[in-house]
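Okay, so here's the structure we're looking at.
Chain letters run A, B, ... following the sequence lines, proteins first, then strands; residues in each count from 1. Please read these numbers as outputs of a predicted model, since none were measured by experiment.
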Amino acid sequence: FSTFPLSPRWTKTDLKYRILNYTPDMAPADVDEAIEKAWNVWSSVTPLKFTRVYEGEADIMISFVAGFHGDFYSFDGVGGTLAHAYAPGEGIGGDAHFDEDEYWTKDMKGFNLFLVAAHEFGHSLGLGHSNVLGSLMYPAYLQTETRNYRLPQDDVDGIQTLYGPPTSTEPPTSTPPTETPTETSTTDSCDPHMTFDAITTLRGEIIFFKDRYIWRKSPYFPGIEQDLISSFWPTLPSGFQAAYEIDKKDQVFLFKGNQYWVVKGEFVQPGFPRNIHTLGFPRYVKKIDAAVYDGNTKKTYFFVGDKYWSYDEVTESMEKGYPRRISVDFPRIDNKVDAAFQEKGHFYFFHGSKQYEIDTKYKKVIREMKSNSWFGC
Amino acid sequence: FPVVPEMEKKNEEDMQFAEKYLEKYYKLKTEAEPIFKMKNSKTISDKIQEMQAFFGLKVTGELDSNTLEVMKQPRCGIPDVGQ
C-alpha cells in the first residue's frame with residue numbers, strides 16, 4: 001500500500017459526505033446504496049464514521065462529471081481514466097469525481113460503481129495506489145465479486161496505518177455495570193456462576209459469547225471448543241451483547257451498543273455496521289440485551305431491560321403494540337434477559353447464572369437450569 | 001527487417017499513447033515543460049521501467065506488448081508515484 005506524500009489524513013473520525021448529482025446509468029437508489037456500501041468497507045476496519053448530508057458543505061463531495069470539470073485533471077471519455085479523488089484536506093480535498101462518460105452499473109455489465117467508489121474513497125481517506133494485484137487500491141480496474149466483499153489485507157494494513165483499527169465505541173449505558181467484567185479463561189466454562197453476554201445458533205452449532213471469547217457446542221465434534229471472536233471475524237469488535245440466527249437465510253445478526261452486523265459463516269456482510277434504530281427502535285434504546293428469532297412465526301424478539309419488542313422478519317418492520325413487559329408474556333421471567341436462543345422448538349432464556357427452557361408457543365417456562373448446562377459439566 | 005509503413009505508424013501511435021500515460025501517472029516531463037530540466041527528470045525509457053516495476057512486469061524500458069496492455073486497462077486517474 002502507499003499513502004500520499006506527507007501522509008495527509010483526516011484529524012476527525014466523523015466525516016460527512018454529499019452526493020452532488022447522479023449518473024443517468026443507474027437508479028438513484030442504487031447509486032446511494034453503492035456509495036454507502038463503499039464507505040462501509042472503510043468504516044468496518046477503522047474508527048471512522050461516514051454520515052451523508054444532503055445540502056451545504058461536506059468533507060467529501062461526490063459528483064459525476066465528464067471531460068474538463070473545473071480541476072486540473074480533465075476526464076478522457078470512455079475508458080482510460082474512470083475516476084479520481086483528492087487526498088484529505090480543505091476544499092477539494094477528499095472530493096471524488098466519477099467520469100460520466102463511463103457506463104456505471106451495480107453489477108458487472110459496466111464499471112461497478114461500488115468497486116470504483118470504494119477505491120476512490122481510499123484516496124479520499126489518504127491512501128495512494130498499491131502494487132499488490134487484487135488489492136482494492138490497485139490502480140487498474142479489476143472485476144471482483146462484490147457480494148460478501150472483504151477488504152484485502154493490504155488495504156486494511158494501509159488504512160490502519162493512518163487511522164488504526166475500529167474502537168469499541170461502547171455508548172454509556174443508562175446504569176453503570178454492576179460488576180466490572182472480568183476476562184474469562186477456558187477453565188471457567190464450568191463455573192457454576194457462569195453468565196453469558198449473548199448466545200445464538202449458527203449452522204447447527206450453539207455459540208456462547210462472553211467478553212472476547214466464544215464457546216462452540218457443535219454436533220460435528222465432541223465437547224466444547226473455545227475460540228477468540230477475532231479468530232472467527234477478524235474485522236469485528238468483541239463484546240457482543242445480543243445475537244440471533246435466521247437459519248433459512250444463513251444469517252447471524254450480532255449486536256453491540258447501537259450497532260449491528262450481519263455475518264454469513266465467517267463472512268461479514270457488506271453494508272454493516274448499521275444503527276439499531278434503523279430496525280425501528282426508539283431513540284432512547286441504546287443497546288439490546290438479547291435477541292432470539294422464532295423460525296415458526298418468523299418474528300425476532302428483542303429484549304431491552306424489562307421490556308421486549310417483536311420484529312417481523314418478513315415485512316422487516318417492528319410489530320405494532322410493542323414494547324411489552326417481558327414478565328407479562330413470559331411468566332416467571334421477572335428480570336432482564338442476558339441472552340436467548342431457540343433450539344429444537346424451545347426458547348432458552350438466560351439471566352445471570354440461570355437458564356430457563358420455554359415452550360415457544362405458550363411462552364411458559366418448562367425447566368430452570370444452570371446457564372452452562374450445555375457444557376456437560 | 002524493413003519496418004512496414006503502417007507498422008511504423010502504429011508504433012508511433014503506441015508511443016504517443018504511452019507518453020500521455022506516463023505523463024499522467026508517472027510524472028514524465030513533456031517537451032512543453034520549462035527549459036530547465038528537473039534535476040531528476042528521466043527519459044521515457046526510465047519512466048517505462050518505473051511503471052513496469054510498479055506493475056510487476058519484466059523491467060525492460062521497452063514499450064513491449066505486455067506493458068502496453070496494462071497501460072490500456074481502465075484505471076483510476078490518480079498518479080501511481082509522486083502524487
| query | At a heavy-atom separation under 4.5 Å, does B/Y21 approach chain A through its side chain, its backbone, both, or neither? | reply | neither

| query | Taking only residues at least two apart or on different chains, which pairs with a member in residues 127-146 of chain A satisfy salt bridge (Lys or Arg N to Asp or Glu O under 4.0 Å)? | reply | A/E145-A/R147

| message | Using only non-hydrogen atoms and a strict under-4.5 angstrom cutoff, which residues of residues 58-72 of chain B touch chain A? | response | none

| field | Salt-bridge present (A/D30, A/K37; N to O < 4.0 Å) | value | no

| query | So do the side chains of A/Y141 and A/L115 get within less than 4.5 Å of each other, counting heavy atoms only? | reply | yes

| field | Residue part contacting chain B, namely of A/E120, when any heavy atom lies under 4.5 Å | value | side chain

| Which residue pairs pass the ring pair (Phe, Tyr, Trp, His ring centres under 6.0 Å) test with at least one member in residues 7-45 of chain A, sequence neighbours excluded? | A/Y17-A/W39, A/W39-A/F50, A/W39-A/F121

| task | Sort A/A85 into side chain, backbone, both or neither according to what part of it lies under 4.5 angstrom from a heavy atom of chain B. | result | backbone

| Are side-chain heavy atoms of A/R150 and A/F267 found at a separation under 4.5 Å? | yes

| said: Please classify the contact of A/D76 with chain B as side chain, backbone, both or neither, using a heavy-atom distance under 4.5 Å. | reply: side chain

| field | Part of A/Y138 lying under 4.5 Å from any heavy atom of chain B | value | side chain

| For B/K24, does the NZ atom have more than 12 heavy-atom neighbours from other residues, nucleotides or ligands under 6.0 Å away? | yes

| message | Apply side chain to side chain contact (heavy atoms under 4.5 Å, CB included) to residues A/W233 and A/L254 and explain how you reach the verdict. | response | CA-CA 11 Å; A/W233 301 294; A/L254 300 168; 4.2 Å; yes

| task | Tell me, with the steps shown, if B/E50 and B/V81 meet side chain to side chain contact (heavy atoms under 4.5 Å, CB included). | result | CA-CA 9 Å; B/E50 203 172 339; B/V81 290; 3.5 Å; yes

| Charged N to carboxylate O below 4.0 Å: is that the case for A/D107 and A/K109? | yes

| message | Give the interface residues of residues 52-73 of chain A toward chain B, defined by a heavy-atom separation under 4.5 Å. | response | A/Y73

| query | If we ignore angles and hydrogens, is there a donor and acceptor under 3.5 Å between the side chains of A/N148 and A/Q269? | reply | yes

| Hey, are the side chains of B/K47 and B/E19 touching, using non-hydrogen atoms and a 4.5 Å cut-off? | no

| field | Test log, rule side chain to side chain contact (heavy atoms under 4.5 Å, CB included), inputs A/L127 and A/I159 | value | CA-CA 7 Å; A/L127 284 182; A/I159 201 71; 4.1 Å; yes

| remark: Under 4.5 Å to a heavy atom of chain B? For A/A140 that would be both

